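Bear in mind the structure is a predicted one, so any value in this text is a computation, not a measurement. For the numbers below, each heavy atom of this structure counts, side chains included, while hydrogens, waters and symmetry mates do not.
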Amino acid sequence: MTDQQAEAGAGTGGDTQRRLRVFLVDDHAMFRAGVRAELGAHVDVIGEASTVAEALSRIAATEPDVVLLDVHMPDGGGRAVLEALRRTHPQVRFLALSVSDAAEDVIGLIRAGARGYVTKTISPDDLAAAIRRVADGDAVFSPRLAGFVLDAFAARPDTPVADPELDQLTNREREVLRLLARGYAYKEIAKELFISIKTVETHVSNVLRKLQMSNRYELSRWAADRRLV
């Protein structure tokens with residue numbers, strides 16, 4: 001092999017092995033720490049933020065390849081970050097990483113400019129692969145969501161998802177409602193959302209009051225009718 005061939009081969013290998021620069025936006029410190037640890041062998045996590053304001057300033061400063069974006073946060077969530085940055089930083093790709101797989105969340109984030117949407121049940125290896133694909137310009141969805149997204153956009157591309165009753169609920173109350181409707185116990189919901197059991201009970205009480213229902217079984221039927229489960 002000539003020196004020129006060796007240099008060409010080394011250059012190709014370097015491009016193939018380039019580590020992506022990833023920024024993590026999520027309001028749960030324990031979850032961020034877990035993602036950082038799991039992805040450390042695959043990408044460089046160059047920063048993180050727990051609020052929309054932090055995300056806007058730090059993403060603008062670091063200009064990562066891909067941002068992993070939580071959908072629901074107390075001060076606006078992923079959509080607010082996307083809408084603020086997608087025009088000023090078009091080179092940055094956004095991949096939603098959420099506990100929610102609800103229609104309004106998926107459609108809302110994709111319409112706002114996310115290149116993909118995966119749920120937090122994804123394995124570390126699959127998440128690393130999804131990040132790489134998004135960085136390369138592909139669209140990536142969790143398997144169960146891919147067909148749904150295509151159907152939703154084909155059937156009603158310009159129709160917003162709106163529900164006056166659902167709009168009464170906060171983002172966190174919606175998350176609790178979906179898990180409750182899927183049969184999760186309070187302890188399991190608390191673990192999934194990184195909150196206390198007492199907080200889960202408070203959210204359930206608020207949902208029951210707002211929707212004027214008396215038990216979780218009524219809530220489950222209500223959620224199933226709206227395809228939230």
Intermediate values then yes/no, salt bridge (Lys or Arg N to Asp or Glu O under 4.0 Å), E188 and K191: CA-CA 5 Å; E188 294 170 324; K191 182 178 180 181; over 6 Å; no
Side chain to side chain contact (heavy atoms under 4.5 Å, CB included) assessment of F94 paired with V81: CA-CA 10 Å; F94 293 87; V81 176; 4.2 Å; yes
Working for side chain to side chain contact (heavy atoms under 4.5 Å, CB included), residues I59 and H89: CA-CA 9 Å; I59 291 170; H89 294 78; 5.7 Å; no
Working for side chain to side chain contact (heavy atoms under 4.5 Å, CB included), residues L127 and E38: CA-CA 10 Å; L127 179 56; E38 294 288 357; over 6 Å; no
Derivation and outcome, side chain to side chain donor-acceptor pair (under 3.5 Å), residues E54 and S50: CA-CA 7 Å; E54 287 179 349; S50 61; 3.1 Å; yes
Stepwise side chain to side chain contact (heavy atoms under 4.5 Å, CB included) check, R21 with V66: CA-CA 7 Å; R21 301 168 70 252; V66 177; over 6 Å; no
D44 vs R19, salt bridge (Lys or Arg N to Asp or Glu O under 4.0 Å): CA-CA, chis, key distance, verdict: CA-CA 6 Å; D44 291 328; R19 286 171 67 88; 2.8 Å; yes
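Looking only at distances, no side-chain donor or acceptor of T199 sits under 3.5 Å from a matching main-chain atom of I195. Under a 3.5 Å cut-off, the side chain of R86 and the backbone N or O of A112 do form a donor-acceptor pair. Side-chain atoms of R32 never come within 3.5 Å of backbone atoms of E48 as a donor-acceptor pair (strictly under, hydrogens ignored). H28 places a side-chain N or O within 3.5 Å of a backbone atom of L193 that can act as its donor or acceptor partner. Formation of a donor-acceptor pair under 3.5 Å by the R115 side chain with backbone atoms of R93 is not found in this model. Side chain of S142 to backbone of T119: a donor-acceptor contact under 3.5 angstrom is found.
The nearest pair of heavy atoms linking A96 to V71 is CB-CG2, 4.4 Å. Closest non-hydrogen pair, P64 versus V92, comes out as O-CG2, 3.5 Å. The two residues S100 and Y117 come nearest to each other via the heavy atoms O-OH, 2.8 Å. The minimum heavy-atom distance between D26 and K120, with the atom names listed, is OD2-NZ, 2.9 Å. Taking every heavy atom of both residues into account, A55 and A49 meet most closely at N-CB, 3.5 Å. Of all heavy-atom pairs between S220 and L180, the closest is OG-O, 4.1 Å.
Side-chain contact between I131 and L20: present, with at least one pair of heavy atoms (C-beta onward) separated by less than 4.5 Å. With a 4.5 Å cut-off on side-chain heavy atoms, R132 and D138 do not count as touching. Within the 4.5 Å cutoff, the side chain of L69 has no heavy atoms near those of the F23 side chain. Here the side chains of L39 and L68 are in contact, with some heavy-atom distance below 4.5 Å. Within the 4.5 Å cutoff, side-chain heavy atoms of D125 are placed close to those of H42. Counting heavy atoms from C-beta on, the side chains of S98 and D105 never come closer than 4.5 Å. Counting heavy atoms from C-beta outward, Q168 and L211 have side chains that approach closer than 4.5 Å. At a threshold of 4.5 Å between non-hydrogen side-chain atoms, the residues V52 and M73 count as touching.
Transitive grouping of hydrophobic side chains (ILVMFWY, heavy atoms separated by less than 4.5 Å) keeps L97 and L82 in distinct clusters. Note: the hydrophobic cluster containing V99 also contains I197 (ILVMFWY, side chain heavy atoms under 4.5 Å, direct or indirect links). Hydrophobic clustering (side-chain heavy atoms under 4.5 Å, transitive across Ile, Leu, Val, Met, Phe, Trp, Tyr) groups L109 together with V106. Clustering ILVMFWY residues whenever any of their side-chain heavy atoms sit less than 4.5 angstrom apart, transitively, puts L179 in the very cluster that holds W222.
Within a 6.0 Å radius of CD in Q212, no more than 12 heavy atoms belonging to other residues, nucleotides or ligands are found.
Look at K210 and E173 and you find a salt bridge, because one of the NZ, NE, NH1 or NH2 atoms lies within 4.0 Å of a carboxylate O, short of that distance.
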